Amino acid sequence: MSGVHIEIGRPQQAVRQWSAKSIYFSLLESELSARTKAESAAFLARQLSETHSHATSMPATLAELETWLAEHNELVGHQYHEYLAGRKAGQPRRYFRSKSHALFFLRAVAPTKLVDGSWLYGLMKHWQDPRLVSLIKIYLEELGDGVEAMNHVVLYRKLLKLNACEDWKNLDEKFFTQGAIQLALATHTDSHLPEVIGFNLGYEQLPLHLLITAYELKELNIDPYYFTLHTTIDNAQSGHARGAIDAVREAMPVFADASDYMQRVINGVKLNDVGLSTLDIIQQFDMQAEVVRILQSKANIGQFMHSDRCVIGGRTVNDWLKEQDQVALFLQEMEKTGWVKRHHNPEESPFWKVIAGDKAPMFGVFTGYEQQVIYDWIAGEALESQLMLARLGKPWRMVEKQAIAHDEALHKKYGNVYDFRSGHKLTQQMRQANDFNQDQLAFERHVHGIDDEQILMDFLVEWMSPAKHYTPLGLSATRYFKSHMDSLF
Ligand SMILES: [Fe+2]
Ligand SMILES: [Fe+2]
């Protein structure tokens, strides 16, 4: 017998604290296990106690909140005006040094943006409660009222796809903390209503960084629509910023002690500090480190793919790639041997020629994002003097998205697919069944087959979860739900 002591019946998981990344993905599963619920509750409690002592400018009375909102917006407007004046006077971009820097940011905030609005999901099953109307309205708007072109998560997914940044799931743990807290709030709303309301209040205020980000993304030839949409939809007069304050007032009667309620709202506001801030994420970008990371990520396959005639610095490429920590030295060696001519037009570098372009021998090995990082790294100090097309790619198509957003006709077309009681519109819309719409038709038949209002709404709410609302059926469920809500309030 060895002296090793094994504790039978005490699984390690019971003691281990889950990472934010594992909590994030567990909370997106369709069935939440008891362990996921327990661990996410513990995670939420930890974050609340860690942010409790943080300072916030948000006042703890309703009357002061109104003034705060006006002052906050004036301040942000003033700071943005100063930023624009500085840029006009020739100051460089404040956030993004290069297009790859901006793409790094898009990818790094993906875990948060892809659960946009999720913290309000737990309210949806309380759709009959008139004290929650403002919050439910905000959640529906985050979901684009079920219109694909307006659903914030759909928009962000498209943005990632267009910019070849879809590999966000490989990101480090630290990028998932903010998204995990949003999903945890969605799961534990029944015990954290004031905190959810407070989190929403903090999140929906227009920040300066949103305005600057949109401005600089556009300058770097990246569609800024997702960000400009939020500068308009989160506005102080009629948008989510306003709705978030109304929500604080509307839900107050639920609680016996108003000052205790407001204190919990403020605790929720502070949860916005959890994880990395926008500015922290922007500062995380280290071009050299990112090039090393990208090459390392290819090393596993790459070490077997090169001919042994590829010799750089006295070693074969296969040899260099065998050891992960050698990759940084490999880069230096490529510079020394002229494979890479830093601070010149990348077209002059043989390394760039083998990886970029349709006919390049290594075509497809690096994603669009990875190629942009390598391009910007090679160009270095000569980056800004390269031709726009080479440096920033083809212009993104100026799709008339703003026009679509305000197109009432489109809203009507999709917003009222089905009148809840008569079902007439759906019958008109019903097309011939084919192999591509089986799920849609089965879904709609099922919806029509339920006559109990509560059972029907529960079914629709299921489909409107953060994991599903952006799918075709999720969008459909959202439209039915919205249609019913419109008939109630
Ligand atoms: Fe949003
Ligand atoms: Fe919003």
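Keep in mind it's a predicted model, so treat the numbers as computed, not measured. Numbering of ligands and ligand atoms starts at 1, following listing order.
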A.B. asks: Is it the case that the side chain of H230 and the backbone of Y226 share a donor-acceptor pair, with hydrogens and angles ignored and the cut-off at 3.5 Å?
C.D. replies: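 Side chain of H230 to backbone of Y226, a donor-acceptor pair under 3.5 Å: yes, one is there.
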
A.B. asks: Mind checking whether the Fe ion (ligand 2) has an N, O or S of D116 under 2.8 Å?
C.D. replies: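 For D116, the answer is no, given that no N, O or S atom comes within less than 2.8 Å of the Fe ion (ligand 2).
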
A.B. asks: Would you give the angle at the Fe ion (ligand 1) between H230 atom NE2 and H152 atom ND1, to the nearest 10°?
C.D. replies: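 Roughly 90°, rounded to 10°.
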
A.B. asks: Is the Fe ion (ligand 2) less than 2.8 Å from at least one N/O/S atom of E141?
C.D. replies: no

A.B. asks: Not counting sequence neighbours, list each pair that qualifies as a side-chain hydrogen bond (donor to acceptor under 3.5 Å, both in side chains) and has a residue in residues 164-176.
C.D. replies: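 As it turns out, the side-chain hydrogen bond (donor to acceptor under 3.5 Å, both in side chains) pairs with a partner in residues 164-176, which skip direct neighbours, are S19-E173, R107-D167, K174-Q284.
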
A.B. asks: Of all the N, O or S atoms in E204, which has the shortest distance to the Fe ion (ligand 2)?
C.D. replies: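 Nearest N/O/S atom of E204: OE1.
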
A.B. asks: Would you list the pairs meeting ring-ring contact (aromatic ring centres under 6.0 Å, His included) in which at least one residue belongs to residues 25-58, sequence neighbours left out?
C.D. replies: F25-F176

A.B. asks: For the backbone of T228 and the side chain of T231, can you confirm whether one donor and one acceptor N or O come within less than 3.5 Å of each other?
C.D. replies: yes

A.B. asks: Please state whether the rings of W68 and H72 are parallel, tilted or perpendicular, taking 30° and 60° as the class boundaries.
C.D. replies: parallel

A.B. asks: Among the N/O/S atoms of E142, select the one at the shortest distance from the Fe ion (ligand 2) and name it.
C.D. replies: OE2

A.B. asks: Is H240 close enough to the Fe ion (ligand 1) to have an N, O or S atom under 2.8 Å?
C.D. replies: no

